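All figures in this text were calculated on a predicted structure; none of them were measured in a lab. Note that these values count all heavy atoms, side chains included, but never hydrogens, waters or copies made by symmetry.
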Amino acid sequence: MYKCKPERNPKQVALLMIASVLLTIGAFALGILWKEYQGAINLAAMFIAAIALYIIIRFTMTEMEYTLDNGTFIITKIVGSKRTDQGALDLAETIDLVTKEEYRSKGYNKNYNNFFNYSQNLGGKHWFFVVGFAGKRAVIEFEPNDAFVAIMKDEIEKAKKEPKSQPPYEGPGGGLLV
(Lines give C-alpha, C1' and ligand atoms only; values in the text may rest on other atoms or scores of the structure.)
Protein backbone atom coordinates (compact mmCIF):
# COMPACT_ATOMS: atom_id res chain seq x y z
CA MET A 1 0.00 0.00 0.00
CA TYR A 2 1.31 3.44 -0.98
CA LYS A 3 -0.10 6.71 0.34
CA CYS A 4 0.39 10.33 -0.62
CA LYS A 5 -0.93 13.40 1.15
CA PRO A 6 -0.20 16.72 -0.62
CA GLU A 7 1.45 19.42 1.42
CA ARG A 8 -0.69 22.42 2.16
CA ASN A 9 0.52 25.78 0.84
CA PRO A 10 0.41 28.04 3.97
CA LYS A 11 0.70 31.28 1.96
CA GLN A 12 -2.30 30.29 -0.12
CA VAL A 13 -4.33 29.47 2.99
CA ALA A 14 -3.57 32.86 4.59
CA LEU A 15 -4.26 34.72 1.34
CA LEU A 16 -7.60 32.93 0.80
CA MET A 17 -8.71 33.63 4.37
CA ILE A 18 -7.77 37.32 4.26
CA ALA A 19 -9.27 37.87 0.80
CA SER A 20 -12.52 36.12 1.78
CA VAL A 21 -12.94 38.17 4.95
CA LEU A 22 -12.05 41.49 3.27
CA LEU A 23 -14.34 40.85 0.30
CA THR A 24 -17.27 39.97 2.58
CA ILE A 25 -16.73 42.98 4.87
CA GLY A 26 -16.30 45.26 1.85
CA ALA A 27 -19.56 44.05 0.30
CA PHE A 28 -21.55 44.65 3.50
CA ALA A 29 -19.87 48.07 3.98
CA LEU A 30 -20.90 49.02 0.45
CA GLY A 31 -24.51 48.16 1.37
CA ILE A 32 -24.31 50.47 4.40
CA LEU A 33 -22.88 53.33 2.33
CA TRP A 34 -25.20 52.97 -0.65
CA LYS A 35 -28.64 53.05 1.01
CA GLU A 36 -30.51 53.25 -2.27
CA TYR A 37 -29.56 49.66 -3.25
CA GLN A 38 -28.90 48.29 0.23
CA GLY A 39 -31.18 45.23 -0.16
CA ALA A 40 -29.61 44.08 -3.42
CA ILE A 41 -26.09 44.78 -2.18
CA ASN A 42 -26.70 42.89 1.07
CA LEU A 43 -28.08 39.95 -0.91
CA ALA A 44 -24.95 40.00 -3.08
CA ALA A 45 -22.82 40.28 0.07
CA MET A 46 -24.50 37.17 1.53
CA PHE A 47 -23.81 35.34 -1.73
CA ILE A 48 -20.16 36.45 -1.55
CA ALA A 49 -20.00 35.28 2.10
CA ALA A 50 -21.39 31.86 1.13
CA ILE A 51 -18.82 31.48 -1.66
CA ALA A 52 -16.05 32.65 0.70
CA LEU A 53 -17.14 30.08 3.28
CA TYR A 54 -17.10 27.33 0.63
CA ILE A 55 -13.61 28.37 -0.51
CA ILE A 56 -12.32 28.46 3.06
CA ILE A 57 -13.68 24.99 3.81
CA ARG A 58 -12.64 23.50 0.46
CA PHE A 59 -9.11 24.87 0.22
CA THR A 60 -8.03 25.50 3.81
CA MET A 61 -9.78 22.93 6.00
CA THR A 62 -10.01 19.96 3.60
CA GLU A 63 -7.12 17.55 3.03
CA MET A 64 -6.86 14.86 0.39
CA GLU A 65 -5.10 11.52 0.63
CA TYR A 66 -4.32 9.25 -2.30
CA THR A 67 -3.74 5.52 -1.82
CA LEU A 68 -2.66 2.71 -4.13
CA ASP A 69 -3.72 -0.69 -2.80
CA ASN A 70 -3.92 -4.00 -4.72
CA GLY A 71 -4.43 -2.39 -8.13
CA THR A 72 -6.91 0.18 -6.84
CA PHE A 73 -6.53 3.97 -6.66
CA ILE A 74 -8.40 5.27 -3.60
CA ILE A 75 -9.11 8.95 -2.91
CA THR A 76 -9.96 10.00 0.64
CA LYS A 77 -11.17 13.43 1.76
CA ILE A 78 -10.30 14.48 5.31
CA VAL A 79 -12.13 17.32 7.06
CA GLY A 80 -11.10 17.58 10.70
CA SER A 81 -11.19 14.03 12.03
CA LYS A 82 -13.78 12.81 9.49
CA ARG A 83 -12.41 10.65 6.67
CA THR A 84 -14.60 9.99 3.62
CA ASP A 85 -13.63 7.79 0.68
CA GLN A 86 -14.38 9.75 -2.49
CA GLY A 87 -13.54 7.08 -4.99
CA ALA A 88 -11.92 3.71 -5.60
CA LEU A 89 -10.87 3.03 -9.17
CA ASP A 90 -9.35 -0.05 -10.77
CA LEU A 91 -5.92 0.82 -12.20
CA ALA A 92 -6.45 -1.72 -14.99
CA GLU A 93 -9.11 0.64 -16.41
CA THR A 94 -6.59 3.49 -16.76
CA ILE A 95 -6.52 5.30 -20.08
CA ASP A 96 -3.71 7.72 -19.17
CA LEU A 97 -1.93 9.53 -16.34
CA VAL A 98 -0.75 12.92 -17.60
CA THR A 99 0.31 16.41 -16.59
CA LYS A 100 -1.85 19.46 -17.32
CA GLU A 101 0.07 20.22 -20.53
CA GLU A 102 -0.27 16.64 -21.82
CA TYR A 103 -3.92 16.61 -20.80
CA ARG A 104 -4.63 19.57 -23.07
CA SER A 105 -2.32 18.54 -25.93
CA LYS A 106 -3.86 15.04 -26.14
CA GLY A 107 -7.35 16.56 -26.23
CA TYR A 108 -8.63 14.85 -23.09
CA ASN A 109 -10.08 18.20 -21.97
CA LYS A 110 -12.50 18.04 -24.91
CA ASN A 111 -13.55 14.41 -24.63
CA TYR A 112 -14.72 13.22 -21.20
CA ASN A 113 -18.00 12.42 -19.51
CA ASN A 114 -17.18 13.22 -15.87
CA PHE A 115 -14.58 15.48 -14.27
CA PHE A 116 -13.63 15.33 -10.59
CA ASN A 117 -11.18 17.68 -8.87
CA TYR A 118 -9.52 16.12 -5.82
CA SER A 119 -6.76 18.70 -5.44
CA GLN A 120 -5.97 20.27 -2.12
CA ASN A 121 -4.31 23.49 -3.33
CA LEU A 122 -5.06 25.99 -6.07
CA GLY A 123 -2.34 25.98 -8.70
CA GLY A 124 0.73 23.82 -8.23
CA LYS A 125 1.63 20.68 -10.15
CA HIS A 126 -1.57 18.76 -10.82
CA TRP A 127 -1.90 15.44 -12.60
CA PHE A 128 -4.87 14.11 -14.53
CA PHE A 129 -5.90 10.46 -14.16
CA VAL A 130 -8.01 9.54 -17.20
CA VAL A 131 -9.94 6.33 -16.59
CA GLY A 132 -12.67 4.25 -18.14
CA PHE A 133 -15.56 4.31 -15.70
CA ALA A 134 -18.98 2.74 -16.20
CA GLY A 135 -18.47 2.63 -19.96
CA LYS A 136 -17.54 6.30 -20.08
CA ARG A 137 -14.40 8.38 -19.65
CA ALA A 138 -13.82 10.07 -16.30
CA VAL A 139 -11.02 12.49 -15.43
CA ILE A 140 -9.62 12.86 -11.93
CA GLU A 141 -7.49 15.94 -11.20
CA PHE A 142 -5.20 15.48 -8.21
CA GLU A 143 -1.80 16.62 -6.93
CA PRO A 144 0.51 13.76 -6.00
CA ASN A 145 4.24 14.12 -5.42
CA ASP A 146 6.75 12.82 -8.00
CA ALA A 147 7.51 9.63 -6.05
CA PHE A 148 3.80 8.72 -5.91
CA VAL A 149 3.43 9.36 -9.66
CA ALA A 150 6.34 7.01 -10.43
CA ILE A 151 4.86 4.30 -8.20
CA MET A 152 1.40 4.84 -9.70
CA LYS A 153 2.72 4.46 -13.25
CA ASP A 154 4.39 1.17 -12.25
CA GLU A 155 1.19 -0.02 -10.55
CA ILE A 156 -0.87 0.89 -13.63
CA GLU A 157 1.42 -1.17 -15.86
CA LYS A 158 1.29 -4.07 -13.42
CA ALA A 159 -2.52 -3.88 -13.15
CA LYS A 160 -2.96 -3.86 -16.93
CA LYS A 161 -0.79 -6.99 -17.31
CA GLU A 162 -2.39 -9.04 -14.52
CA PRO A 163 -5.68 -10.77 -15.30
CA LYS A 164 -8.36 -10.05 -12.71
CA SER A 165 -10.63 -12.84 -11.53
CA GLN A 166 -13.15 -10.32 -10.21
CA PRO A 167 -13.10 -6.57 -9.64
CA PRO A 168 -12.43 -5.43 -6.06
CA TYR A 169 -15.45 -3.12 -6.07
CA GLU A 170 -18.99 -3.42 -7.40
CA GLY A 171 -20.13 -1.66 -10.53
CA PRO A 172 -19.22 -1.39 -14.18
CA GLY A 173 -15.79 0.01 -14.93
CA GLY A 174 -14.29 -1.66 -11.86
CA GLY A 175 -14.69 1.34 -9.62
CA LEU A 176 -16.79 3.57 -7.48
CA LEU A 177 -16.90 7.36 -7.50
CA VAL A 178 -18.77 9.47 -5.00
With a 3.5 Å distance limit and no angle check, can you tell me whether [X] reaches the backbone of [Y] through a side-chain donor-acceptor pair?
X   : Y   : value
Q86 : T76 : no
D90 : A92 : yes
E65 : K3  : no

Please check if Y54 and F47 belong to a single hydrophobic cluster, counting links between Ile, Leu, Val, Met, Phe, Trp and Tyr side chain heavy atoms closer than 4.5 Å.
->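 Both belong to a single hydrophobic cluster.
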Show your working on side-chain contact (heavy atoms from CB on, under 4.5 Å) between L91 and T72 and close with a plain yes or no.
-> CA-CA 5 Å; L91 292 176; T72 304; 6.0 Å; no
For residues Y2 and F148, establish whether the separation of their ring centroids is below 6.0 Å.
->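 No.
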Heavy atoms, side chains only, cut-off 4.5 Å: are [X] and [Y] in contact?
X    : Y    : value
E143 : Q120 : yes
I78  : K5   : yes
L97  : M152 : yes
N145 : V149 : no
L89  : F129 : yes
I32  : L30  : no

Criterion side-chain contact (heavy atoms from CB on, under 4.5 Å) on K77 and I75, from CA distance to verdict | CA-CA 7 Å; K77 179 171 78 172; I75 303 160; over 6 Å; no
Roughly how far apart are E63 CD and N121 CG, rounded to 0.5 Å?
->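 So the CD of E63 and the CG of N121 are separated by 10.0 Å.
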Nonpolar side-chain network containing L22, other nodes, edges under 4.5 Å |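 Under the 4.5 Å side-chain rule, L22 groups with I18.
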Can you list the other members of the hydrophobic cluster that holds I95, where links are side-chain heavy atoms under 4.5 angstrom apart?
->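 Listed partners: V98, Y103, Y108, Y112, F115, F128, V130, V139.
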Let me see the working for S119 and N117 under side chain to side chain donor-acceptor pair (under 3.5 Å), right down to the final yes or no.
-> CA-CA 6 Å; S119 299; N117 186 340; 3.0 Å; yes
Neighbour count above 12 (heavy atom, 6.0 Å) for R104 CZ =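 No, the 6.0 Å shell around CZ holds no more than 12 heavy atoms from other groups.
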Do Y66 and F142 pass the ring-ring contact (aromatic ring centres under 6.0 Å, His included) test, and can you show the C-alpha distance, the side-chain angles, and the key distance before you say yes or no?
-> CA-CA 9 Å; Y66 315 119; F142 67 119; 5.1 Å; yes
Worked check of salt bridge (charged side-chain N to carboxylate O under 4.0 Å, His left out) between E155 and K158 = CA-CA 5 Å; E155 291 292 315; K158 198 184 313 179; 3.2 Å; yes
Using only heavy-atom distances, determine whether the side chains of T67 and D69 contain a donor-acceptor pair under 3.5 Å.
->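 Per modelled atom types, T67 and D69 side chains form no pair under 3.5 Å.
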Where N42 and G31 come nearest, the two heavy atoms and their spacing =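 Looks like OD1-CA, 4.0 Å.
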